[in-house]
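Single-structure report; data block below.
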Amino acid sequence: MLAADGIVVAYGGNIAIHQVSLKVGAAETVALIGANGAGKTTLLRAISGLNPLRSGSISLEGSDLAHLSSDKRVALGIAHAPEGRRIFPGLTVEENLVLGTTPWRRWGQSPADDLARVFDLFPRLKERRDQLGWSLSGGEQQMLAIGRAIMARPRLLLLDEPSLGLAPRLAEEVYERIRLIAAEGLTILVVEQNTVLALAVADRGYVLETGRVVLEGSAQELRQDPRVREAYLGR
Ligand code: ATP
């Protein structure tokens, strides 16, 4: 479904992503793991069109994305739940969610079905639908960010560190929901420092170090790889 080939992304003269190639198949969940500063967020932002490519190509179901704005990529079905949640603190939960519907859907169509779907997945958001964004806990904000991305009815969901800043129990709860979304057949690319959680939901994964893919394989292969165990699983 998604194919990135030899992509290079730079900030001024500093190359953050060196010739990275990766693939995400339809209905697959793929994890992108790596330490702080490895380039995971940069790569995700390049896929959603927020960071320009220096070279290389990205395509979604064979259509070239490289020259499309991030808005056009959203319209093609790419939704991005960014790191740091970026919800609107002064809007209610429901208002935040409705903002996730794509512009063409807002025209004369009610978001009620999509809201109901998100509320089924995240009952806590339903209980808090009239509460303002700022008053949510970290885990609830993360759920809201994912829910807002789902409102766009994406074909490819990009998740940036869904466990960031969450207590272990909450991080597991968020990942339980990601597992449910994946089981519905949505294609997911998840960036994560918490390798245990990410490899528990993923089918496959890539390990990124200083902007390069150093390992790739099935989630099971990566969990058993001595380098992954030592560097990322603390064993
Ligand atoms: P983290 O988990 O800490 O977010 P990451 O793997 O997502 O790390 P990136 O945030 O993509 O890594 O950063 C990759 C490299 O690019 C780092 O060296 C970082 O300092 C650099 N970088 C990231 N954003 C910018 C920016 N806006 N301007 C300049 N350099 C940047």
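Just follow the structure's listing: the first ligand is 1, and inside any ligand the first atom is 1. Positions are given from 1 along the sequence.
- Of all the atoms in ligand 1, the ones that sit under 4.0 Å from a non-hydrogen atom of Thr42 are 9 (P), 11 (O), 13 (O), 14 (C).
- Those atoms of ligand 1 that come under 4.0 Å of a heavy atom in Ala35, given as number and element, are 6 (O).
- Glu140 pairs with exactly one of Arg128, Arg129, Lys126, Arg177 by the salt bridge (Lys or Arg N to Asp or Glu O under 4.0 Å) rule, that one being Arg128.
- Remark: Glu209 does not engage Arg227 in a salt bridge, criterion side-chain N to carboxylate O under 4.0 Å.
- For atom 1 (P) of ligand 1, the closest non-hydrogen atom on the protein side is Asn36 OD1, 3.6 Å.
- In this structure, atom 19 (C) of ligand 1 has its sub-4.0 angstrom surroundings free of protein heavy atoms.
- In terms of protein heavy-atom proximity, atom 4 (O) of ligand 1 is closest to Glu83 OE2, 3.3 Å.
- Between the CZ atom of Arg148 and the CG atom of Asp114 there is a distance of 15.0 Å, given to the nearest 0.5 Å.
- With ligand atoms numbered from 1 in the order given, ligand 1 contributes 16 (O) to contacts under 4.0 Å with heavy atoms of Ala16.
- At the top of the distance list for atom 17 (C) of ligand 1, counting protein heavy atoms only, stands Gly37 O, 3.8 Å.
- Polar contact check, Leu43 against ligand 1: no nitrogen or oxygen pair lies under 3.5 Å apart.
- The atoms of ligand 1 that sit less than 4.0 Å from any heavy atom of Thr41 are 4 (O), 5 (P), 7 (O), 10 (O), 11 (O).
- Residues Leu22 and Val201 are members of separate hydrophobic clusters, defined by side-chain heavy-atom contacts under 4.5 angstrom among Ile, Leu, Val, Met, Phe, Trp and Tyr.
- Between Glu176 and Arg179 there is a salt bridge, with a side-chain nitrogen of the basic residue lying less than 4.0 Å from a carboxylate oxygen of the acidic one.
- Looking only at protein heavy atoms, the nearest one to atom 12 (O) of ligand 1 is Gly39 N, 3.1 Å.
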Enumerate, atom names and distances included, each donor-acceptor pair closer than 3.5 Å involving a side-chain atom of residues 211-219, sequence neighbours excluded.
residue, atom, partner, partner atom, Å
Arg212, NH2, His18, ND1, 3.4
Ser218, OG, Glu221, N, 3.0

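- Listed by number with element, the atoms of ligand 1 under 4.0 Å from a non-hydrogen atom of Ala38 are 5 (P), 6 (O), 12 (O).
- When Glu161, Glu192, Glu209 are ranked by how near their heavy atoms come to atom 2 (O) of ligand 1, first place goes to Glu161.
- Closest heavy-atom contact between Glu173 and Met143: OE2-CE, 3.5 Å.
- Contact detail for Leu50 and His80: the closest heavy-atom pair is CD1-ND1, 3.9 Å.
- Here the heavy atom of the protein found nearest to atom 16 (O) of ligand 1 is Tyr11 CE1, 3.4 Å.
- Other residues, nucleotides and ligands place more than 12 heavy atoms under 6.0 Å from the CD atom of Gln131.
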